[in-house]
Amino acid sequence: MSDEDKSPFTTDQSSGNQSKAFRVKVYKLDADGAWEDQGTGYCVYKTEGDGEVDEINVTSERDNSTTLLSSKVLKHKEYQRQQETLIVWTEGNNTDLALSFEEPGGCEHIWYKIHEKTGNDDPPTLNADSDDDDTPSIRAEPGAGALPSPELSNLPAIANALANAKTLQAKDRYASFIIPENYIEKLVNVFNTCEDLESIEELHKLYTIMKAIIMLNDNTIIEHIVRDDIYPGVMGMLESSTMFMVADCPLDNPDKPTSRTKHRDFLAKCAAIQPVVPIRDKATFAKIHETYRIKYLKEIIFSDSRDDALGSLLHSLIFFNDIDIISNIQKDTELLTEIFEIFSDEKSTTERKVEASKFILQICNMAKTLQPAHRASLYRTLCSFGFLNMFLFALTAESEGIRTSACYALSSVIELEATFMRSQLLQNIKENGKKRSLMALIIDRLTMDTDKYLKVQFAEIIRLLIDLANGPMMGNPMASDSMRKQDTESEEFVNRFFTDFSSDFLKPLDSLEKQQMKLDGPIENLELTKEQGDIYIYICDLLCFIIRQHSSKVRPLLTTSDLCTKIMQLYRCKQAAVKLSAVKFVRTCVGILDGFYIQSLIKNNVFEPTIRILLDTDGKDNLLNSACIELLEFIRKENIRPLINHLVAQFGSVLDTLTYAPTFKALRLRYEQNQEASESRPSDADNSSSANNARGTGLGGWSSTTVDEEEEGYFNNSGDEEDALPLSSFTKGSPSTTSKPLVNYEDDDDDDDDDGDADDIELEETMSSSDTASFERKQDTKDTSDQDDSAISKPHHSPNRKRKHDEEDNAGDIGNMPPLRLKSDDEDDEDDMLAAKAVKKVTRSPTIGSKKRIVINARGR
């Protein structure tokens, strides 16, 4: 078979009669009113026999076995032909579909077939450029369906004829007659005569006639009336509307206008505005004006129209025109170069920069309806010409409208292409310096802008930029090629944010004066305006997000600054939302279960003002009271022993007086359970130590004399609080503080199941601080799967061990406290082996005077 026979234009007679195949794009209207590209393929009209239903089939050009569209041609479906290459209709499930043909002849051919099947009375004709001589025409010749001649005497008859066109067939008959007969041009001549004569009655009839012609919902008519030579007369006829009525208008005929709007004057002024840079492509320039006129029809003249078909038609025309305009501008490198040079040229005036900003922002606004991949391509093209320089000017412009448009445009770009924008912002920082960069401007606008809605948007922009989970866009074909490079740049951008911009970001907190907040006594109120309070709320919300996403990068801020103390000053504000943001910050620091943050909260005495705020709510059922109680409940439920000990020891007497919630009593009970558990563990350790000493060193094990004396002395010596290791040394997320084991050997899973207790020697010494040791064992049990840096393999948790820790965690349930189990040397060998595995790793206790516990498996050696 030759290549010609394999062409998709081959006619297949196997099932019914099949027309030629034409290359098309298939579109579907989504819930947001945007047209989604379903793919490109070849459209074929299948004609069945008598009584059968014809079909429109589109097969993918990439894979002939893939069907992009299969639609039955039915009479009740409302088919519309728009422009020269579009056919639009609605399926039975209220889904709007569109076929965009590559050639007008293909659209004409399929349109004729649809007309023939749906039972149109007048035989349609093909356009003159059609290559099918056997196909009849679509446009009807003047005959029974023609409108009366456009003359003054016939205006009532024309209005009645159009008003009675209710069915789709009747509307299409008139629509197919109007354009070939130059009917609109003739009506414009009649309008000019009536306007000169100031004939109100005839002008109103012309308004009714022109409105009815537009509502025939024919895209060819719409495109015709927005032409430069036609639209002034059409808009003149539409000026005699009922939008503005005067007092002497007769009540029995409210549709009769006595006042006229001035559509022509407004559109003439808009047309007289010249672009900031000449658009040399005449087709693009003309399409921009035509699109604006269509929008004017949709949003001004027919804004109150209930005709959904007309609204859909106008929306579709605007959508496809926007695609053509953006595509042409994106390809015009000369135009883009001239526009963005305005922002880099020091001689450019502010007015010229404002107009250039409006032009670019309008392009971004038009691009919102495009597919994500097409939008991403547009943004990347603009960035290559200096897109960020426009934002540097627009975000600081005097016009509030430009600032708002620029802020929302920047947010839209970052939301779509966060990774790419991080790389662009990083490059901007390197080129312009820290103070003149766009990132510094964004942070400055967050703290200085007076518009509260823009503040929210700037805060969201910062969140999107530092959220590394916002990876490359899936629909972007260029994402896979540069993913590795951009990920590295994203990490570098986040590091630069914390090193260069964190002080600017937290600058509003520096103005807060430190005041003590005791459990009793007066508190000096912090006077803040509504705008100032909003800034602190946004800062606290962003800090909470940063702590959850980049907890390790926030530690230097807590170490080198008084961040916690400053945030606690927000408790003195009268605004409940500001107080709640401070509680949210404390809750986030506790919620990540990081020992460093827990130690920082205790060190900065964060819980005393928090308890004071709880007491000031006086048990009222409000959000602030609930947030404080939930914080205490989380600490109790997670059994964070350093915080439980701190809260009960420092504020237990006060919390015991609160009885309106069970959390306070349960917190005291949890504290007592922890104390009992801590007291029972030393006897367990003594029994285990005596048993190990009885085994001696003759079994091939290590004795305690092998431990370095200097290292042992480090744990036995007492020192200042600053010399103790932070709590992060036994908390998830800090593997760098994990001690190195004395012996490095592999773990044998098979040996774990053997009865080898006689080969294990445990050197165990009790820790001086039972609270810290208890919390350490719990955290070590929960986080062993995360400590990949250890030289010893991860131990497997057996059911017996998991059950033991579950019992400890559930010990805080009121009324259900299980008895603590003390181990002895008479227990099973398997329990001894599991206990030895649980403390394989050597860790340093952060508490003064703590001693270490070492387990060495002799068989593993």
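When reading the values below, keep in mind they use all heavy atoms of this one structure, side chains included, and skip hydrogens, waters and symmetry mates. In this chain, residues are counted from 1 in sequence order.
Nearest heavy-atom pair across Ala376 and Leu416 is N-CD2, 3.7 Å. In plain terms, the two heavy atoms of Arg264 and Pro232 that are nearest each other are CD-O, 3.1 Å. What you find for Ile539 and Leu509 is that their closest heavy atoms are CG2-CD1, 4.3 Å.
Between the side chain of Asp281 and the main chain of Ala283, a donor-acceptor pair closer than 3.5 Å is present. A donor-acceptor pair under 3.5 Å is absent between the side-chain atoms of Tyr292 and the main chain of Cys270, judged by distance alone. Asp345 contributes no side-chain N or O that, together with a main-chain N or O of Glu341, makes up a donor-acceptor pair within less than 3.5 Å. Remark: side-chain polar atoms of His550 are paired, donor with acceptor, to backbone N or O of Ile466 under 3.5 angstrom. No donor-acceptor distance shorter than 3.5 angstrom exists from the side chain of Arg403 to the backbone of Leu395, with no hydrogens or angles considered. At distances below 3.5 Å, not a single donor-acceptor pair connects side-chain atoms of Asp562 with backbone N or O atoms of Thr565. A distance-only check finds a donor-acceptor pair linking the side chain of Thr588 to the backbone of Lys584 [under 3.5 Å]. Using a distance-only test at 3.5 Å, with no hydrogens or angles considered, a donor-acceptor pair links the side chain of Ser511 to the main chain of Pro508. Under a 3.5 Å cut-off, the side chain of Ser348 and the backbone N or O of Ile342 do form a donor-acceptor pair.
Separating the CG atom in Leu623 from the CD atom in Glu630 is a distance of 11.0 Å, to the nearest 0.5 Å. To the nearest 0.5 angstrom, Asp96 atom CG is 15.0 Å from Tyr27 atom OH. Within the model, atoms CD of Glu334 and CD of Glu338 stand 5.0 Å from one another, a figure rounded to the nearest 0.5 Å. With rounding to the nearest 0.5 angstrom, the CG atom of Leu438 is 12.5 Å from the CD atom of Gln427. Here CD of Glu527 is found 5.0 Å from NZ of Lys574. Values are rounded to the nearest 0.5 Å. Note: Asn428 CG to Asn389 CG = 7.0 Å, rounded to the nearest 0.5 Å.
Under the 6.0 Å distance and 45° angle rule, Arg380 counts as a cation-pi partner of Phe420. Because its NZ or CZ atom is not both nearer than 6.0 Å to the ring centre of Phe493 and within 45° of the ring axis, Arg422 does not count as a cation-pi partner of that residue.
Looking at Thr350 and Glu398, their side chains never bring a donor and an acceptor atom within 3.5 Å of each other.
A salt bridge does not link Glu290 to Arg293: none of the charged side-chain nitrogens sits closer than 4.0 Å to a carboxylate oxygen. Using a cut-off of 4.0 Å between Lys/Arg side-chain N and Asp/Glu carboxylate O, Glu524 and Lys514 are scored as not salt-bridged. A salt bridge does not link Lys455 with Asp534: none of the charged nitrogens is closer than 4.0 Å to a carboxylate oxygen. Checked for salt-bridge contact, Asp510 and Lys566 miss the test: no charged N lies under 4.0 Å from a carboxylate O. Under 4.0 Å is where a charged nitrogen must lie from a carboxylate oxygen, and between Glu492 and Lys430 at least one such pair does.
Surrounding NZ of Lys28 are at most 12 heavy atoms belonging to other residues, nucleotides or ligands under 6.0 Å away.
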- prompt: Yes or no on side chain to side chain contact (heavy atoms under 4.5 Å, CB included) for Phe497 and Ile443, after CA distance, side-chain angles and deciding distance?
  reply: CA-CA 11 Å; Phe497 174 81; Ile443 296 176; 4.0 Å; yes
message: Between Met421 and Cys383, is the side chain to side chain contact (heavy atoms under 4.5 Å, CB included) condition met? List the steps.
response: CA-CA 9 Å; Met421 288 302 296; Cys383 285; 4.3 Å; yes
message: side-chain hydrogen bond (donor to acceptor under 3.5 Å, both in side chains) for Gln457 and Thr404? Distances and angles first, verdict last.
response: CA-CA 9 Å; Gln457 204 64 40; Thr404 302; over 6 Å; no
- request: Go through Phe458 and Tyr538 one step at a time and tell me if the ring pair (Phe, Tyr, Trp, His ring centres under 6.0 Å) criterion holds.
  value: CA-CA 10 Å; Phe458 283 119; Tyr538 302 146; over 10 Å; no
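Close placement of the Phe391 and Phe387 rings is indicated, their centers lying within 6.0 Å of each other.
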